[in-house]
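Presented below is the structure to which this report refers.
Just the heavy atoms: all of them, side chains too, but no hydrogens, waters or symmetry mates, feed the values below. In this chain, residues are counted from 1 in sequence order.
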Amino acid sequence: MKNKTIHTICSLFMLLMMLGVSQQTLAQAITATGVVVDKNEEPIIGANVKVVGEGSGTITDIDGRFKVSCAQGSTLEISYIGYVSQKVKAGTNLTVTLQEDAVMLQETVIVGVGYGTMRKGDLTGSIASISADEMKQGVITSAEQLLQGKVAGLSVVQSSGAPEAGASIRLRGGTSLSASNGPLIVVDGISGVDMNSVQPSEIVSIDVLKDASAAAVYGSRGANGVIIVTTKRAANDVEQKSIEYNGYVAVGQAAKHLDLLSADQWRQYVRDNNVAHAIDYGYDTDWQKELERTAISQNHNISISNFKSSAGYRASVTYQENQGIIERNKMNRLAGSLAAYQTGWDGRLRIDVGINANFDKWNPIDTRIFERMVNMNPTFPVYNPDGSFAQIGGTNTENPVELNTNRTEDQKRHRFLGYGKVELDLVKGLKGVANASYEYQSTEGGLYKPTYAQMEGKSEKGWGQRTHGEYSNKQLETYLTYDATFAEIHKLNVMAGYSYLETVAEGFGAQRSGFDTNAFGYNNLAAGSDFRAGDVYSYKNESKLISFFGRANYNLMGKYMLTATIRRDGSTRFGANHKWGTFPSASLAWRISDEAFMESAKGWLDNLKLRLGYGITGNQNGVEPYKSIAIFSADGESYYDAATGTWKKSYVQSQNENPDLKWEQTAQLNVGVDFSVLRGRINGTVEYYHKKTSDLLWTYPVPQPPYPVGTMLANVGDLVNKGFEVTLNGNILQQKDLTLGATVSLAYNKQEITKLSNDTYQAVGLQAGSLHNLRGMSGQYAQIIKEGYPAGAFYGPKCMGIDENGKYILNRDEDGNPINEYLGSAMPKWNLGVSLNMTYKDFDVSVAGYGMFGQKILNATRMASFDYTRLPAQNVPDDFLNSTIQDDPIFSSYFVENGDFFRLQSLTIGYTVPGVKKIGLQKVRFYLTGENLFCISGYSGTDPEVSIPDSVLDSPGIDWYNSYPRPRTYSLGVNIAF
């Protein structure tokens, strides 16, 4: 009995053990499945799915799906960089939506820093990053437009509405008086290339290196800042494949016209003033509208990509056709790109290759039509009764429609950019990179004015011209990078490299007049009988730049960061005594929010970082090839060569040698604070900078003798820019069906020329802004380059009003001569950018605007047309009749106006069609965009966004007749992803 009892107990025990094991086995057999998506229901690839309390887990696939075995009732934790982790109960067919972690996203954004990348949270210099979603939307004809109003301190000015027109870029004021003020462009690691070499639709991010501590790694080319462009070809090794189509159709019209007298107003003036000999031609002609049209443009892009961990490729083709709002003006563009990568040697080796090519063809206009448009009598007809163009005769009063029609001008531009890049992991932490690239551009032009075309009231007897220019850029850059972590708290990154750059520019041109037939156009210049000296020309120049560079980054516990760079440049452009230049920089950062004494602020303060940087950069753009050596030209007197029986040109020295010629040097101090509060709801940056440019280049008068030539390009002056910048980002709403975000950037810059002369070279005040093209103003200037003033300074007499005789009341000295004084600068003091983004379920809305304040504009069009002698033969602005002016045109403060403005840049409304994945599509989105919807300004001209060219020698801030009207555009587009 006892044994039986023991046996029964043992049997029950074994049965219980078996039941337990069976239940455990059944529990472990459950497989959890689901998909991980973001707020837009897009799959998140590579998200971590972990079983809480166990070591098992998996990652999501290309469709965001996962499958993992776990015990019934287990909890899954899903996480991904940049998103808030989420825990869910294990089950089948789960849909997990991760929300963005605003704080982490800000800190983990990868930023281009030149010869590498860094996490935004580890930066010590001043760098602004713009993603594709933040860039300008709408009709984009020039890649520079993508940045307009998006970066604090970066001025992007597009003064012309012509489809082929580009934009000028200035960062934190200009650093030069005679050289280019545009920043260095780096595309996918290739420095000094044209930003328009790539399709705007292929750009995924743009990083702007603002201060010298960030830009000094580019040495003698970094004084104006650096813009780093990253395209979709540089995507990470994420497995994905897609086919995408993006296209739009746009309609544009002139946003504003000059207020000129209509035919009825002209007739009323003649009657009211009993004007004798006034000729009324009997027509009602609006010359502005006669030249304009409704412009219809279109853009189509198709891209194919297939990325895997070991290999991938991307191809893209864009066709763009943009009509200008002026008749006959248009531009067509065909652009393509192909990029591929392949890895090998167990992932240690990666090879990237790529090409970009685009072909532009456009028909520019003769900008003289705008002056003729203003001058023409509004009662004069466009055409004679027989259909021929009517001509009124006289100087600058040719029929502008005839001038625009009876000329043929074709321009072509080819751009090519190819590169090959090799990356090799040599040993743990040590990587070698070699990048070779070749950039080529060519431009061709053909212009023909037929024998019946009128100019200055007479026929030009036919005039033809052909031009051709080429530019090439060969570059090889190699560098090593080493990454190491010591004791888990010390992180070190060191980079050292070598660069070789060779540039060549060459071209030629020919022109001829006196044609007997128009049959050939510009294709047979030999048919012209009138040949003059200078009708044929050619040129070629080349230069080389050799560089050694290095950078070291040190990070201690993620709280204390140090970056130091140095670059040594040797250039053939420099003088014999200054062939090499050295450009160092250093910057520090302190993450204050991670200190123990900030523990009490953790509830609301996410991040607080202080940055301090100082560096020296250069600008070699002002030194063209061969500027440091003596040059002889065939510009001397002709002489008779008895030996050959011919007349020959003699050679004379045309340029002095200057062995001390060198780069312009900019030293910059930058102090910045980065902050984030309320779990990333509000984040931003505040910057202060002070930069001094020394050794400014200018052409000075020198005595003869000892110098053979009376002028010399020399490094003498100093220029100071200082200011501050504020950028605020707000994630105002973050709900499932509704999100709202806003960004505001504000920048202030003050500029002053502090030195123009030394013991050798003297310049008290240099005249600029010539007005010689305006009637009666030969020899007059509107601007001055002078110590104590900014660049682009307007300088002339102050006008206190109009006297009873209709004369300008000018501030004069005791002798009655007008007293010239400072009238303001063409450079804006303040730059403002505003953007607003909202989503509601499947709808999205984005609004962007920008403004410039504190700048002055010389309304030269108004100044020239405020002339009482113009009536009744010509035309005048409406308000001239109320001005009582009875004086000759004269430059004064009367025509220098405030240029403040704020423009609603774009408004986009989009709709993403839901449920398209059921029919095999990834995404379908329709959108409507309006551009230049309004501009708030008190400026009396057509548009206050007046040209600020790269060089102050090109008359910044002067509104001439040839201001192409800016269009107001509406576009309807679609994005489809397969």
Provide the closest heavy-atom pair for Tyr795 versus Leu823 in the form atom of the first, atom of the second, distance.
C-CD1, 4.4 Å

Is any side-chain heavy atom of Leu154 closer than 4.5 Å to one of Ile169?
yes

Checking Asp943 side chain against Glu945 main chain: does a donor-acceptor pair fall under 3.5 Å?
yes

Under a 4.0 Å threshold between the charged nitrogen and the carboxylate oxygen, would Glu752 count as salt-bridged to Lys722?
no

Taking the six-membered ring for Trp, is the centroid-to-centroid distance between Phe902 and Tyr850 below 6.0 Å?
no

Let me see the working for Glu725 and Lys210 under salt bridge (charged side-chain N to carboxylate O under 4.0 Å, His left out), right down to the final yes or no.
CA-CA 11 Å; Glu725 300 161 353; Lys210 295 183 179 183; 3.0 Å; yes

Do Phe370 and Pro965 come close enough that some side-chain heavy atom pair is under 4.5 Å?
yes

If only atom types and distance count, is the side chain of Asn273 paired as donor or acceptor with the main-chain N or O of Val275 below 3.5 Å?
no

Taking Asp815 for its side chain and Asn817 for its backbone only, find out whether a donor-acceptor pair lies under 3.5 Å.
no

ring-ring contact (aromatic ring centres under 6.0 Å, His included), that's the test. Do Tyr789 and Tyr822 meet it? Break it down for me.
CA-CA 8 Å; Tyr789 298 148; Tyr822 177 62; 5.0 Å; yes

Would the Tyr283 and Phe380 ring centres measure less than 6.0 Å apart?
no

Distance-only, no hydrogens or angles: does the Lys256 side chain make a donor-acceptor pair with backbone N or O of Gly941 under 3.5 Å?
yes

Asn875 side chain vs Val374 backbone, donor-acceptor pair below 3.5 Å:
no

Would you please indicate yes or no on a ring centroid separation below 6.0 angstrom for Phe880 and Trp266?
no

Drop me the distance from Tyr961's OH to Ser865's OG, to the nearest 0.5 angstrom.
5.5 Å

Among Asp867, Asp879, Asp959, whose salt bridge (Lys or Arg N to Asp or Glu O under 4.0 Å) with Arg862 holds?
Asp879

Of Glu687, Gln668, Lys691, the residue whose pairing with Asp211 passes side-chain contact (heavy atoms from CB on, under 4.5 Å)
Gln668

So do the side chains of Val623 and Trp663 get within less than 4.5 Å of each other, counting heavy atoms only?
no

Heavy-atom distance under 4.5 Å between the side chains of Cys935 and Pro944, does that happen here?
yes

Would you list the atom pairs, donor with acceptor, under 3.5 Å between side chains in residues 799-806 and any protein atom, with sequence neighbours excluded?
residue, atom, partner, partner atom, Å
Asp803, OD1, Asn805, N, 2.8
Asp803, OD1, Gly806, N, 3.0
Asp803, OD1, Lys807, N, 2.8

Just do the side chain to side chain contact (heavy atoms under 4.5 Å, CB included) check on Glu931 and Gln905 with the steps written out, would you?
CA-CA 5 Å; Glu931 297 177 74; Gln905 181 187 50; over 6 Å; no

Return yes if some donor-acceptor pair links the side-chain N/O of Ser178 with the main-chain N/O of Leu697 below 3.5 Å, else return no.
yes

Carboxylate-amine/guanidinium contact Asp366 Arg372, below 4.0 Å:
no

Validation row: Met863, Leu774 side chains within 4.5 angstrom (heavy atoms)
yes

Looking at Glu787 and Lys755, is there a salt bridge between them, counting it only when a charged N and a carboxylate O are closer than 4.0 Å?
no

Minimum heavy-atom distance between Tyr964 and Gly324, given as atom pair plus value
OH-CA, 3.4 Å

Of Tyr689, Trp830, Tyr688, which meets ring pair (Phe, Tyr, Trp, His ring centres under 6.0 Å) against Phe724?
Trp830

Nearest atoms (heavy-atom pairs only) where Asn658 meets Leu713:
ND2-O, 2.8 Å

For the backbone of Ala763 and the side chain of Trp698, can you confirm whether one donor and one acceptor N or O come within less than 3.5 Å of each other?
no

Heavy atoms, side chains only, cut-off 4.5 Å: are Phe853 and Pro828 in contact?
no

As an exercise, state the distance from CG of Asn656 to NZ of Lys627, rounded to the nearest 0.5 Å.
11.0 Å

Taking side chain as C-beta onward, heavy atoms only, is His257 less than 4.5 Å from Asp286?
no

Quick one: CG on Asn404 to CE on Met373, what's the gap to the nearest 0.5 Å?
11.5 Å

Do the side chain of Thr379 and the main chain of Tyr281 share a donor and acceptor less than 3.5 angstrom apart?
yes

After noting the C-alpha distance and the side-chain angles of Asp695 and Gln665, does the key distance pass the side-chain hydrogen bond (donor to acceptor under 3.5 Å, both in side chains) rule?
CA-CA 6 Å; Asp695 301 319; Gln665 180 174 288; 5.3 Å; no

Measure across Tyr808 and Ile890 and return the closest heavy-atom pair with its distance rounded to 0.1 Å.
CD1-CG2, 3.5 Å

Stepwise side-chain hydrogen bond (donor to acceptor under 3.5 Å, both in side chains) check, Ser940 with Asn859
CA-CA 8 Å; Ser940 63; Asn859 193 338; 3.1 Å; yes

Can you check whether Lys692's main-chain N or O pairs, donor with acceptor, with Thr666's side chain at less than 3.5 Å?
no

Under a 4.5 Å cut-off applied to non-hydrogen side-chain atoms, are Asn715 and Leu661 in contact?
yes

Just by distance, do the side chain of Asn399 and the backbone of Val382 share a donor-acceptor pair under 3.5 Å?
yes

